[in-house]
Amino acid sequence: MSSALAGELRSILGDDGVLDRQLELHVYGKDSGITRGEPSVVAFPESTEDVVAVVKAAKRHGVSVVARGSGTGLAGGAVPLEPSLILALTRMNEIEVVDVENRSAWVGPGVINLDLSNHTYSDGLHFAPDPSSQSVCTIGGNIANNAGGLHCLSEGNTVNHVLALEVVTADGDVIELGGPAPDPIGLDLRAVMVGSEGTLGIVTRALIKLTPNPTAARTLLMSFRSVEDAAKTVSDVIAAGVIPAALEMMDRLMTVAVERFIDAGFPTDAEAVLLAEVSGHEAAVEAEAEIIRAIADDNNAIEARVASDAKERQRMWLGRKSAFGAIAQMNPDYYLHDTVVPRTKLVEMMRNIYEIAERHQITMLNVFHAGDGNLHPLMSFDASEEGVIERVKAAADELLAICVALGGSLSGEHGIGLEKRDSMGLVFNEYDLDAQARISEAFDPDGSMNPNKVLPSGSRCFDFGRPIPEGTWV
Amino acid sequence: MGLSVLDELPVAERDGLPEADHRLAPTSMDEAARLLDHASELGAQVLVWGGGTHQGMGYRVGPDIVLSCENLTSIVAYEPDDLTVVVEAGVGISVLEALLAEHDQTALLSEVPGIATVGGAIAAGVSGWRRSRFGPTRDRVLQATLVTGDGRVVTGGGRVVKNVTGYDLPRLATGSFGSLGLVAQVCLKLWPLPSTFRTVMVESPEAALDIAFRPMAILETGDGAWCYLGGTSQEVGEQSTALGEHFVDELEWPEPVSADVVVSIRVPPSELRSVLDGLGAGRPYVAQFGVGETTVGLDIGDIDLLPDLRTEVEDLGGALVVTEAPAELYEEFDPWGTPPQTLEIQQRLIARFDPRRVINPGRLPGRI
Ligand SMILES: Cc1cc2nc3c(=O)[nH]c(=O)nc-3n(C[C@H](O)[C@H](O)[C@H](O)COP(=O)(O)OP(=O)(O)OC[C@H]3O[C@@H](n4cnc5c(N)ncnc54)[C@H](O)[C@@H]3O)c2cc1C
């Protein structure tokens, strides 16, 4: 079946647009999470028309379609679970037009996040979401996962920065959602397509909202004797009415790992380090940096200093962004968690994290977006060690449960994908899950777009509410 | 025989409710769910009523039942340190903002809300003028609980400021005009109020857009143009000097447009001036520079110019939407304009939340 499909795809995309040899397929069997699958075939479309043709061919052959950007997703969203075609969108990487006056740009889904910001830098504009993976991940992947990043505290996740989308549906229709003007009429399908992890359709073009580059910025490094003092500083800054552009925390295990990897200038004797950035108008950043510094002092900071120049500032951020590289040096494997709690529950959550790490005997490092309560406990381990995977999974489940008990949610930016699919029942009841399944059904009745992701099986319960009357045009 | 839910629920008392067989005001989501389930059984048409300030939008609904949100007025949870608040639909925007202001916070809803409710603003998808700096309302709806047309209570999103857990039902519900359900309860993301405000009169809004760094709003009316600054006192001081220092007041928002017919015109921001030029002088308007929206008031005799204007605006990728008009006008002039190309998917979605199409039926573009 799939070799017939591969043949058909070759006639559409040419020989170099299709992969179907075992070894090649293996590479596309996973993303940056921990689960693996096996695709039947990989297709590399170069245009919307290609995507339409591929989606229709897959449909004819009864093969589901899994979209893929750079494969940096951490929730298993791009993992093929059943006989699937991987639709790799990396060749659709054109920045079509930048409209400086309207602060927007039409881009292909395969454009690399950082490439867009670099491209528009001289126009004084950038794409605000800046995941740590921004030099490799695609904008299509950012849209599908509603990605966040360091600077999402003040600017919000990707959904706040998408004006319109061109999408190829499960039937192979091309639809446009949203538009260049504010408040397009009708239901806001654009908002639900963002974050849908490839389950509602394939994003083939996007109209991105660009953000003016700040005219001034200050970065502060603050170190503390306890995680509590650092977390209290985070709360106090927000309570003082200052919303920094970024507010990041690292615990001691993490700063030690980073310093071993590169010289970022982080103090390794402090239990916690905070990095804060305020940006905007020159007069504002000066005042806000001073407010933050004073709050850190009030919370017993060992040190609270403002980067003296651009070089020092870059070094601080390089340290933060190197966290994952540093981890990779420690052990062969890592599992990066992503949960979110109300900001006021940070201290309590951190205590629980350390307790769980201790009990399961797992090295757990923390580097996270403290300003919006978005935690990233990072477990470092060697998978070849007997029983370690089980311990990691048990610890991950416990973390989620506690997080939810504290009023939090399953994911702040990495998405649900495969990894957290079966935990959805922790935050949603059966009616809520059924409603989610109804959304997916309205776009993709046959479930052929990235099936078995986001929602646990059996979410759709037909006996809730009233049936759709016969003859309704649905 | 037991009494039907129609006889059990409190009768609505809010002024200005339209005529209907039943005008009811459930006191909880469960009561609302029972009412809607019953309406589905009967095949009755239900008009949801908040403050009534946005009822001029969309196709007319001839209701059998009016569901007033006047008894859904709880502030369910307010956590100032988390910058979140959970409220029921019928809470007045002015009531909410007064509470938040005690903690120097704001939900950034309409600056001149009148008697508008939170639920109404979200169902209608309207934003305040500060969206230029802080984004539209839908960016701040963190969680929404809907009572669907067939009486299910469903929640999407969560009470945290950053969340990608499941499909974004809260954003989808924003601007849905009840087609997916009564927007019964929401959690909103809040912002701290800046320590200093200033309203500065400017010659040219376009020039102000270039000079001011991300101001809260730049508005123009027939009387002039203003740049609204908010931030630290130093920042506001320096920016208002750069703008020419025609200091007006701390915060002075214009009166919303009032006329026989009011329309909202939405275009890519750079096209706003040419739209205003095309309108000619003498009509009341409030234009949002940097956003690309203007409301315009017209006399009933003036509406002949609307069809051509709509064509022009739609060609730019925008829309011309009626927000207020005498009932007869809706027969003559389509309140929404050309429906979106995705009507079929929208219809499939609505059928899964309101299968008998009881809440505000036919109100949305495409009469769905
Ligand atoms: C070291 C590291 C650091 C990271 N840091 C962050 C961070 O700070 N913040 C953050 O939010 N994330 C972070 N991530 C996660 C990841 O980079 C993001 O989720 C990113 O958005 C994924 O983009 P991608 O191109 O790699 O997508 P992929 O992994 O290829 O795909 C992700 C999902 O999107 C779907 N998809 C991809 N393209 C399309 C399309 N065009 N249409 C429809 N569906 C599509 C896929 O099916 C899949 O479900 C990090 C990952 C790594 C490895």
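Hydrogens, waters and symmetry mates are skipped; everything else that's a heavy atom, side chains included, is used. Note on naming: letters A, B, ... go to the chains in the order of the sequence lines (proteins, then strands), and numbering restarts at 1 for each one.
- Ion pairing of B:Asp37 with A:Arg466 is present here, as a side-chain N (NZ or NE/NH1/NH2) and a carboxylate O approach within less than 4.0 Å.
- Using a cut-off of 4.0 Å between Lys/Arg side-chain N and Asp/Glu carboxylate O, B:Lys189 and A:Asp372 are scored as not salt-bridged.
- For a residue to count as touching a neighbouring chain, one of its non-hydrogen atoms must lie under 4.5 Å from one of that chain's; by this rule B:Leu193 does not touch chain A.
- For chain B, the option among A:Gly241, A:Gly415, A:Pro180, A:Gly408 with the highest count of heavy-atom pairs below 4.5 Å is A:Pro180.
- Residue contact with chain B, scored on non-hydrogen atoms closer than 4.5 Å, is absent for A:Leu163.
- Of the atoms belonging to B:Val160, it is side-chain heavy atoms, and not backbone ones, that fall under 4.5 Å from chain A.
- Residue B:Gln341 touches chain A through its side chain alone, counting heavy-atom pairs closer than 4.5 Å.
- Contact check for B:Arg138 versus A:Asp183: side-chain heavy atoms found under the 4.5 Å cut-off.
- The closest side-chain donor-acceptor pair between A:Thr344 and B:Asp81, if any, does not fall under 3.5 angstrom.
- Only the side chain of B:Arg131 comes within less than 4.5 Å of a heavy atom of chain A; its backbone N, CA, C and O stay farther away.
- For A:His369, the part sitting under 4.5 Å from any heavy atom of chain B is the side chain, from C-beta outward, and nothing else.
- In this structure, B:Arg348 does not pair ionically with A:Glu441, as no charged nitrogen and carboxylate oxygen lie closer than 4.0 Å.
- Neither the backbone nor the side chain of A:Ser235 comes within less than 4.5 Å of any heavy atom in chain B.
- The closest side-chain heavy-atom distance from B:Leu172 to A:Leu189 is below 4.5 Å.
- In this structure, CD in A:Glu288 is found 9.5 Å from CD in B:Gln234, a value given to the nearest 0.5 Å.
- Both the backbone and the side chain of B:Pro268 come within contact range of chain A, with heavy atoms under 4.5 Å apart.
- Heavy-atom distances place both the backbone and the side chain of B:Glu41 under 4.5 Å from chain A.
- When A:Val167, A:Asp444, A:Ile175 are each tested for a side chain to side chain contact (heavy atoms under 4.5 Å, CB included) with B:Ile345, only one passes: A:Ile175.
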